Number of protein chains: 2
Amino acid sequence: MSEVVHCCQDRMVYESRRFNLPQAEIKCLMLFAEIGQQTVTQVAQGLDVAKSRASNILSDMATRGLVSFDPDPDDGRVKLVSLTDRGKEYAAEIGDFITRIHGAVLSRLEPPERVMVIKSLELLKNAMDSVKQQLEEM
Amino acid sequence: MSEVVHCCQDRMVYESRRFNLPQAEIKCLMLFAEIGQQTVTQVAQGLDVAKSRASNILSDMATRGLVSFDPDPDDGRVKLVSLTDRGKEYAAEIGDFITRIHGAVLSRLEPPERVMVIKSLELLKNAMDSVKQQLEEM
DNA sequence: CAAGTTGGTTAATGGTATTAACTAAGCATT
DNA sequence: AATGCTTAGTTAATACCATTAACCAACTTG
């Protein structure tokens with residue numbers, strides 16, 4: 001179990017080296033691929049980090065030319081963040097890479113095993129969530 | 001999938017808060033519970049970190065009174081590290097906690113599901129290892 | 001004994017992440 | 001319109017995780 005987790009973390013490290021970007025920025029690119037234009041606060045929620053952390057990540061990404069900031073016409077406080085063309089390219093490349101990896105893993109399983117594995121992960125996730133909730137109540 | 005991984009990381013964070021110890025020291029305590037007296041280099045290998053990192057973790061743990069260093073009578077360079085009584089207590093407590101959590105997760109699955117989940121994790125691990133190896137060769 | 005190897009420490013660096021303090025903008029309410 | 005609260009975002013301080021490089025001391029081997 002813990003080995004499976006460790007392996008997923010390794011994949012992040014590998015990605016990070018391969019694309020020469022910090023892991024946090026990679027996650028952030030994937031978030032944009034899913035959600036598109038967002039505010040800083042939304043990014044913080046999406047990445048599940050403090051607003052200040054999101055702010056730092058995004059400003060680093062802006063330095064790299066991956067995202068750009070636009071003022072919200074309806075609210076002078078908020079900054080709308082979106083991927084630049086360069087950011088979109090990166091996001092597409094990384095998304096591709098992840099898809100390929102997932103495909104490679106699944107292709108190493110017989111079709112009936114695939115179904116079983118996916119179902120198991122679902123079950124496991126629910127069980128873990130349930131335990132987690134119980135823990136939080138104590 | 002990534003949610004399962006995230007949940008396991010959350011467990012580490014939770015443990016860390018609960019026992020008021022950095023995650024690295026918790027992992028280290030669990031390593032000692034498994035292996036007993038070790039050298040600094042062995043700890044580094046066991047935790048899969050650089051020797052320097054292990055050295056730092058262990059000296060922090062020594063400050064907390066969790067481990068003690070003894071010279072190796074056969075080799076003046078090596079330091080044999082072992083848990084103090086305090087360290088053993090902590091290790092036992094944490095080990096208990098982990099066992100309880102795992103038990104709680106498994107108890108939320110029907111017995112046949114349990115077998116399936118465990119088998120799936122095994123399959124998944126092998127598939128991931130295989131992909132990883134292929135990746136490293138490129 | 002000189003040369004190379006191994007065990008361990010220290011320092012420099014960089015990534016991850018949080019909390020606290022702060023600014024500026026928006027929204028109420030009097 | 002002035003006061004006061006809330007929200008969006010930034011900055012600074014702090015802490016943890018981890019690596020590489022440089023180094024010393026001790027062992028091994030030719």
Side-chain angles (χ1 to χ4, degrees), chain A residues 5-6 8-10 12-31 37-64 66-82, chain B residues 5-6 8-10 12-31 37-64 66-82:
Chain A
V5 172
H6 197 271
C8 285
Q9 288 166 340
D10 282 355
M12 284 299 298
V13 172
Y14 180 85
E15 269 171 26
S16 175
R17 282 192 206 287
R18 180 179 181 124
F19 294 105
N20 217 339
L21 283 177
Q23 292 177 33
E25 299 190 17
I26 290 178
K27 282 188 210 153
C28 196
L29 283 172
M30 292 302 92
L31 184 66
Q37 196 180 49
Q38 298 166 82
T39 68
V40 175
T41 302
Q42 279 176 309
V43 170
Q45 287 165 351
L47 297 178
D48 196 26
V49 296
K51 248 184 343 184
S52 60
R53 175 71 180 132
S55 176
N56 283 320
I57 293 170
L58 290 170
S59 79
D60 287 352
M61 287 174 80
T63 313
R64 280 188 228 278
L66 299 175
V67 294
S68 58
F69 295 95
D70 295 292
D72 183 335
D74 299 337
D75 187 333
R77 293 167 303 178
V78 341
K79 288 186 175 179
L80 295 170
V81 195
S82 45
Chain B
V5 172
H6 197 271
C8 286
Q9 289 166 339
D10 280 356
M12 285 299 298
V13 172
Y14 180 85
E15 267 171 28
S16 173
R17 281 192 206 289
R18 180 179 180 123
F19 294 105
N20 217 340
L21 284 178
Q23 291 176 35
E25 300 190 17
I26 290 178
K27 282 188 209 154
C28 196
L29 284 173
M30 293 302 91
L31 184 65
Q37 197 180 48
Q38 298 167 81
T39 68
V40 175
T41 302
Q42 279 177 309
V43 171
Q45 286 165 351
L47 297 178
D48 195 27
V49 297
K51 249 185 340 185
S52 60
R53 175 69 181 133
S55 176
N56 283 320
I57 292 170
L58 289 171
S59 77
D60 286 352
M61 285 173 79
T63 314
R64 285 199 170 83
L66 298 175
V67 295
S68 58
F69 296 94
D70 294 293
D72 183 335
D74 299 337
D75 187 334
R77 293 168 303 178
V78 340
K79 288 186 176 181
L80 295 171
V81 195
S82 45

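All chains are named by letter (A, B, ...) in the order of the sequence lines, taking the proteins before the strands, and each is independently numbered beginning at 1. Bear in mind that the values here come from a model prediction, so they are computed numbers and not experimental data.
No side-chain donor-acceptor contact under 3.5 Å links A:Thr39 to the backbone of A:Leu80.
Residue A:Ser59 is classed as having no contact, given no heavy-atom separation below 4.0 Å to the nucleic acid. When heavy atoms are screened at a 4.0 angstrom cut-off, A:Lys79 is found touching the sugar-phosphate backbone but no base atom. Contact annotation for B:Ala24: backbone-only contact, meaning every heavy-atom pair under 4.0 Å involves sugar-phosphate atoms and none involves a base.
Atom CD1 in B:Ile57 sits about 15 Å away from atom P in C:dT10, given to the nearest Å. When the P atom of D:dC16 is taken as reference, atom CG of B:Leu21 falls 10 Å away, rounded to whole Å. Separating the OH atom of B:Tyr14 from the P atom of C:dT18 is a distance of 18 Å, rounded to the nearest angstrom. Atom-to-atom, CD of B:Glu25 to P of D:dC16 comes out at 8 Å; the value is rounded to the nearest Å. What separates CD1 of B:Ile26 from P of D:dC16 is a distance of 12 Å, to the nearest Å. Atom-to-atom, CG of A:Leu58 to P of D:dT11 comes out at 12 Å; the value is rounded to the nearest Å. Whole-Å rounding puts the B:Asn56 CG to D:dT20 P distance at 14 Å. Counting to the nearest Å, the P atom of C:dA17 and the CD atom of A:Gln45 are 16 Å from each other.
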Pairs: protein N or O with nucleotides 21-30 of chain D N or O, under 3.5 Å:
residue : atom : partner : partner atom : Å
D:dC27  : OP1  : B:Gly76 : N            : 2.4

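Between A:Val81 and A:Met61 there is no side-chain heavy-atom pair separated by less than 4.5 Å. Between A:Ile57 and A:Leu47 there is a side-chain heavy-atom pair separated by less than 4.5 Å.
A:Lys79 contributes atom NZ, which lies 8.5 Å from atom OG of A:Ser59 (distance to the nearest 0.5 angstrom). Taken to the nearest 0.5 Å, the CD atom of B:Glu15 stands 9.0 Å off from the CZ atom of B:Arg18. Once rounded to the nearest 0.5 Å, the distance linking CG of B:Leu58 with OG1 of B:Thr63 reads 10.5 Å. Note: A:Cys28 SG to A:Gln38 CD = 7.5 Å, rounded to the nearest 0.5 Å.
For B:Lys51, counting side-chain heavy atoms from C-beta on, the closest listed nucleotide (C:dG8, D:dC16, D:dT19) is C:dG8. Here the side chain of B:Arg53 is nearest to one of C:dG7, C:dA17, D:dC17, namely D:dC17.
Residues A:Arg17 and A:Gln42 each lie close to DNA chain D; by heavy-atom proximity, the contact nearer the 5' end of the strand is made by A:Gln42. Comparing A:Val49 and B:Val40 by the nucleotide of DNA chain C that holds the closest heavy atom to each, the one mapping nearer the 5' end is B:Val40.
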